[in-house]
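As C-alpha cells, the structure follows; a few thoughts come after it.
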Amino acid sequence: MRCTCRIKGRKTTRASLKDFDFNNVKMDTLNSTLKADVPKDECSTQSDEDGCQILGEHETQVLEDSEADLDLHKHYAGCTKNPGHEQFIPVDKFTIQHLPEDRRDEDLVQLIKNTADLTVRVDVKVTSSCRPQYWPNKTRPYPFHKGKKTNLRLGSGIIWNVHMVQDETAACWCKQCQQSNSPKHVWWEFYVDTATHVVFDDEEAKHTSLTLFYDREGSPEVTVDTVRVDKVDIEYDVCMLKGVTCNRRLGRKLVHIGKDFSESWQKVCDEYKTSRDDHKLVYIVSHPHGCHKQVSIGRWRKKYVTKDKDGNDLYQFTYTTCTCPGSSGANVQCVGYSVDWPDLVHGGCLRSGLNYSGNCKAF
C-alpha cells in the first residue's frame, strides 16, 4: 500500500533530501553533545505540592493549507533549531559506531532498530473544538486552542501490543470493512503511544492516520487510517490510540516486530538498570519535519518527580537528545528504565536548548 497525505484534495509532497549528506554524519558533533556541560533549564517550570511540571514549546510540524507549505523538504531545509540536522542519523544508516564509545553494545543497537521499526508518523487533519484554553491548573496556553481547524499536524508515535483477533460473530472495524458487505472476521489490533497535544480526542482521531515504515527517501509507505482514542491524559500529555488492520501481511509483520522489540528491550533493560543513572543515555526515533525516520542520541539532564492521584511517583525528564518539529509524541527511551502507563513520550523543547518528556510511571 502506498500513502499520500491529503487535505482538502491536496497532496503532501514527500521530502527530497538528496542535498543532505547522511553518509557522513558528523560524529565529533554528536559526541560533543553527549559530553557537553548542558546549561540549567530556563523553562516555564511550575511547582506545586506534588512537585514540578515542565512546560515548553510543542514540536508538532504544522502545515498550512497550501501547496507551498505542504512541501516537507522546505521545512527540513529551513529548520532553525537544528540547521543541517547533523545530530540525527537516518535509521537505515544507523550503526554501532553512532553510540558513545563506552556504550557500543550490539543488544542496544538491535533495540534501537526495533524501536525504529515500530515508530510511526502521526498525521492529524482536524483540530478538536474541545481543546482547552490552558494546560490543566496552569496559565500556559494549550497548543492549538485557537488554531485553524483543518491545518495538518505531523507528530510521531510508537506501536506496541499487536495482537490478532478472530471472531466469526464480529467484524473488523477498519474503515474499509465498515463500508464493505463482506467485512473480514480476522484482524489485528494494536496500540500507539503519542502526545495528547498531537491527538487530543476522538474528534481528532477520526481524522488521524499512521504512516509506517517510512525509513528512507523513496521507501514505500504503509498507512493505517483507522484509530480511536483508548486512553488520554491531558495533564501528563500522553495519548494512547488503538489501531486496526485486516491486512494479513501487515498484521503478521507487526506481531513479529513487536516480539523482537520485547526481547531486545528486556535484554537491554536488565543490562543497564544498575548503571542507568550514571550513563543517563537517552535515544529517540522520530519523524523530524514529517520526513523519514531519524535516530538521535543524548543524555538526560534532570529527572523531575511528581505524584499521580494514587500517590505513585511519576517522572519527567529533560535531555540533550535532538528533536525537531515533527518529533512530538515520539517514544523516549531512557536506557535502563522500565516504563508503565503513562508511557514516556516527547513533549517539546525549552528555551535553554534542552528537550523534555511528558510524565511517565517508571521503575
Would Phe200 and Phe144 count as a close aromatic pair, with their ring centres under 6.0 Å?
no
Scanning both residues in full, the closest heavy-atom pair of Asp313 with Lys307 reads OD1-NZ, 2.6 Å
Report yes if the side chains of Tyr191 and Lys242 come closer than 4.5 Å at any heavy-atom pair, otherwise no.
yes
Just say parallel, tilted or perpendicular for the rings of His289 and Tyr76, cut-offs at 30° and 60°.
perpendicular
Distance alone, cut at 3.5 Å: any donor-acceptor contact between the side chains of Lys113 and Ser264?
no
Could you walk me through whether Lys175 and Asp225 pass the salt bridge (charged side-chain N to carboxylate O under 4.0 Å, His left out) check?
CA-CA 7 Å; Lys175 289 180 180 177; Asp225 63 1; 5.1 Å; no
Any donor-acceptor N/O pair, Arg104 side chain to Gln97 backbone, under 3.5 Å:
yes
Assert yes or no for the condition that the ring centre distance of Tyr337 to Phe317 is strictly below 6.0 Å.
yes
Taking every heavy atom of Arg131 against every heavy atom of His197, the minimum-distance pair comes out as NH2-O, 3.0 Å
So does Lys206 have more than 12 non-hydrogen atoms from other groups sitting under 6.0 Å from NZ?
no
Do the side-chain N and O atoms of Ser156 and Ser286 include a donor-acceptor pair separated by under 3.5 angstrom?
no
Any side-chain to backbone donor/acceptor pair from Asn355 onto Thr321? Under 3.5 Å, distance only.
yes
Between His346 and Thr323, is there a side-chain donor-acceptor contact under 3.5 Å, judged purely by atom types and distance?
yes
Is the count of non-hydrogen atoms from other residues, nucleotides or ligands lying under 6.0 Å from His256 atom NE2 greater than 12?
no
Applying ring pair (Phe, Tyr, Trp, His ring centres under 6.0 Å) to Phe94 and Tyr283, what does each step give before you reach the verdict?
CA-CA 12 Å; Phe94 178 78; Tyr283 74 84; 8.3 Å; no
Does the distance from a Lys or Arg side-chain N to an Asp or Glu carboxylate O, for Lys231 and Asp233, drop under 4.0 Å?
no
Residues at least two apart in sequence or cross-chain that pass side chain to side chain donor-acceptor pair (under 3.5 Å) with Glu57, listed by chain then number, are Arg140
Donor-acceptor pair between Glu86 and Asn82 side chains, under 3.5 angstrom
no
Which is it for His85 and Gln294 under the side chain to side chain donor-acceptor pair (under 3.5 Å) test, yes or no, and what are the steps along the way?
CA-CA 10 Å; His85 298 87; Gln294 309 257 3; over 6 Å; no
Could you check whether Asn114 and Trp265, counting side-chain N and O atoms only, form a donor-acceptor pair closer than 3.5 Å?
no
